[in-house]
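Report on the following structure.
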Amino acid sequence: MSYFDDLAYQFIDGEWRSGSGSWDIVDFNPYNGEKLASIPVATAAEIDEAYRAAERAQRAWADTNPYTRRLVFERALRIIDDREAELAAAIAAEVGGTHAKVGFELHLVREFLREAMQLALRAEGRILPSPIDGKENRLYRVPVGVVGVISPFNFPLLLSMKSVAPALALGNAVVLKPHQNTPICGGGLVARIFEEAGLPAGLLNVVVTDIAEIGDALIAHPVPKVISFTGSEKVGRHVATVAAGHFKHAVLELGGNSALVVLDDADVDYAVDAAVFSRFVHQGQVCMAANRVLIDRSLEREFTEKFVAKVASLKVGDPADPATHIGPLINEGQAEAITSLVGRAVGEGATALLHGKTEGTLVGPSVLGGVAEDSWLLTQEIFGPVVVLVPFDGDDDAVRLTNASPYGLSGAVHTADIERGVRFAKRIETGMIHINDGTVHDEPIVPFGGEKSSGVGRLNGEAMVEAFTTTKWISIQHGRSRFPF
C-alpha cells in the first residue's frame, strides 16, 4: 500500500528522512503477516534534533493568532474526509481493526480535531484583585512549550491525535513517538495530515524508535516540559519516575480492569448486549474494556446463558470482512500470552464456559466462571478477548468486588432505577463510570482519565488546557510601592 511505502521514515523539522540506527522496526499486518514497512530506527541524536527543531518552531507558533492556528485543523478535517477510504484501509491493515472499529476510530479523530479548533481559543486569562493599592494581577495561560507524546498501538491514529492536536492548537510544538507495532497509523499518517494541512515545519516531529535504541532520551531530554503517555501501567510507572526526576509534568493514561455490574433490577437482554460489546470490541484490546462482568446472583443463570450464547455467535476472522466481530491480536506474542492466561486460569480451577481457539494471531473469545475471589485474574488487565463472570449478593457486595482492583479507569452499572445507579456509581473508585451503557466511551469535551493505577491527570476539553498550558502571573504596579529599606 502506498501509505506504508511513503511514510516509512522519520519526520524531523519538516523533512522525511531515514533513521540512522543500525536496525529496523519492521511493521507487519497482524492478520496475514504481510510485511508493511521497514523503518530504520531513530537514534538519541535524532531525538535531540527533533526536540531542538520543535523548540525553534514553537516560539513563532505561540505568537500566531489562535484564529490562524485553528485553520490548520479545519484543513486537517477536510483531508481526513477526502482520504477516508485510504485511512480506513491503513488502519485495518496495520492494526487488524474490524470495519466497526475503524469507523469508530475515524469518527472520534474528527471529533477531537473539531474540539482542537475550539481549544485554540480557550486559553483564557484572568485579572485578580490585590491587597496592595495600585496593584493589578494578571494571570496568563501560556503554552508549556514542547510536548513529548508517546502513543499506543490499539487506536494509534486516534490516541496520537488526541494529544497532538490539542497541544498544537494551544501553541505548543510536539515530538511524537508512536508504538513500534503501529508506526504508520500512529505516527506517519499524523505527520502527513498536518504537513498537507499547512502546519509550519518543525512543529510536529515523528520519531520511530524503541527504548532499546534510545533509552530514556525521549523523556529525559531537557526541551519537553510535558510528557503525554498512553499505554501500560508498567511503562507508565517508568515514564512517571523519569519525568519526575527531570521536573516534567506527566499526563498518564494507563491500563484498566473495568467492571460492568448488573444489578438485580437490570434489563438482562440489554445488559448482555452492553457487556459483550464492552469486552470484545477490538478483540478486547481497549483500556476501558470490561475485564469483569459482575452479576447479581438472582440474575446469574439467565444472564450467563444469554451472554455465553451471544459471545459464541461472534465471528472471528479477517478484519476486512464486514461480518467479522473479532479480528487478530496485534502480534503472535500477545496471542500466546492471552492463550496462556486462559490455560493457567482453567488449570487453577476456573470454569471455561466458552473456550476460544487460537490460530496464529486470531484468538477466539473465552468466558470464564468459578474464579476464586482472591485470584490474580481479577486484579490484572486482560488485553484480549477473555472475560470473567463474577456473581455477587447485593449492592454492597458488588461495590466491594468492583473496588477490589488496583485499577480505576472505567466501568458501568445496569439498573432500572437511575438514581440507584448514580448512588452505586459514586461509591466506585474510578475516573469514569456509565449507567445503563457500556464501559468503552470517549467524548472530546468530557474529562478522560483514571484513578489508582489507571493513570494521573485528565485529557479532553478544559483538561487539555490544564495539561498543555501553564499559568503565568504578571503584576503591574500602577502607583509606587513602598519598600522597607
Side-chain angles (χ1 to χ4, degrees), residues 255-281 284 286-311 345 350-351 353 367-382 386-441 446-455:
N257 182 26
S258 299
L260 186 146
V261 182
V262 184
L263 300 183
D264 59 8
D265 61 348
D267 179 331
V268 172
D269 292 331
Y270 178 64
V272 165
D273 290 344
V276 170
F277 175 81
S278 296
R279 174 62 269 184
F280 297 105
V281 61
V286 183
C287 57
M288 295 172 280
N291 282 221
R292 301 168 291 153
V293 177
L294 278 59
I295 315 114
D296 188 277
R297 204 173 297 275
S298 66
L299 300 178
E300 181 185 8
R301 182 174 179 179
E302 179 187 2
F303 182 93
T304 300
E305 289 177 354
K306 291 180 176 179
F307 181 82
V308 172
K310 187 173 181 70
V311 174
T351 301
L353 303 171
V367 180
L368 302 177
V371 176
E373 191 176 305
D374 60 352
S375 170
W376 54 273
L377 193 61
L378 296 176
T379 59
Q380 72 173 66
E381 181 176 38
I382 305 172
V386 180
V387 66
V388 184
L389 303 187
V390 182
F392 63 83
D393 298 293
D395 292 16
D396 289 346
D397 195 33
V399 169
R400 180 183 63 82
L401 290 169
T402 301
N403 286 338
S405 167
Y407 296 98
L409 184 58
S410 186
V413 56
H414 281 247
T415 173
D417 183 341
I418 298 300
E419 294 309 318
R420 178 188 182 189
V422 172
R423 291 192 296 273
F424 184 93
K426 286 180 176 180
R427 299 172 67 189
I428 303 304
E429 299 163 353
T430 185
M432 307 173 286
I433 187 165
H434 311 284
I435 297 170
N436 291 338
D437 210 336
T439 62
V440 180
H441 291 284
V446 182
F448 183 102
E451 299 295 328
K452 301 192 284 188
S453 294
S454 286

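No experiment lies behind these values; they were computed from the predicted model shown. Only this structure's heavy atoms are used, side chains among them; waters, hydrogens and symmetry mates stay out.
Of the listed residues (Leu368, Leu353, Leu294, Val262), just one forms a side-chain contact (heavy atoms from CB on, under 4.5 Å) with Leu389, and that residue is Leu353.
Ser258 and Cys287 make their closest contact through OG-O, 4.4 Å (heavy atoms, listed as atom of the first residue, atom of the second, distance). Scanning both residues, Val272 and Lys310, for their nearest heavy atoms gives CG1-CD, 3.9 Å. Between Val293 and Ala275 the shortest heavy-atom distance is CG2-CB, 4.1 Å. Considering all non-hydrogen atoms of both residues, Gly255 and Tyr407 come closest at O-CD2, 3.4 Å.
Between the side chain of Thr415 and the backbone N or O of Asp265 there is no donor-acceptor pair closer than 3.5 Å. Distance alone, capped at 3.5 Å, is enough to place a donor-acceptor pair between the His414 side chain and the Asp437 backbone. Judged by distance alone, with hydrogens and angles left aside, the side-chain atoms of Asn257 form a donor-acceptor pair with the main-chain N or O of Leu378 at under 3.5 Å. Checked by atom type and distance alone, the side chain of Glu381 pairs as donor or acceptor with a backbone atom of Gly256 at under 3.5 Å. Side-chain atoms of Lys452 come within 3.5 Å of backbone N or O of Ser405 as a donor-acceptor pair. Although no hydrogens or angles enter the test, the distance criterion places a donor-acceptor pair under 3.5 Å between the side chain of Asn403 and the main chain of Arg427. Thr439 contributes no side-chain N or O that, together with a main-chain N or O of Ala412, makes up a donor-acceptor pair within less than 3.5 Å. Although no hydrogens or angles enter the test, the distance criterion places no donor-acceptor pair under 3.5 Å between the side chain of Ser278 and the main chain of Ala289. A distance-only check finds no donor-acceptor pair linking the side chain of Asp264 to the backbone of Asp296 [under 3.5 Å].
Separation of atoms CD (Gln380) and CG (Asn291) is listed at 8.5 Å; rounding is to 0.5 Å.
Within 6.0 Å of the CZ atom in Arg301, the count of heavy atoms belonging to other residues, nucleotides or ligands does not exceed 12.
Residues that satisfy the side-chain hydrogen bond (donor to acceptor under 3.5 Å, both in side chains) test with Thr304, not counting sequence neighbours, are absent from this structure.
Residues Phe392 and Leu263 have side chains in contact (heavy-atom distance under 4.5 Å, counting atoms from C-beta outward).
Using a 4.0 Å cut-off between charged nitrogen and carboxylate oxygen, Arg420 and Asp395 count as a salt-bridge pair.
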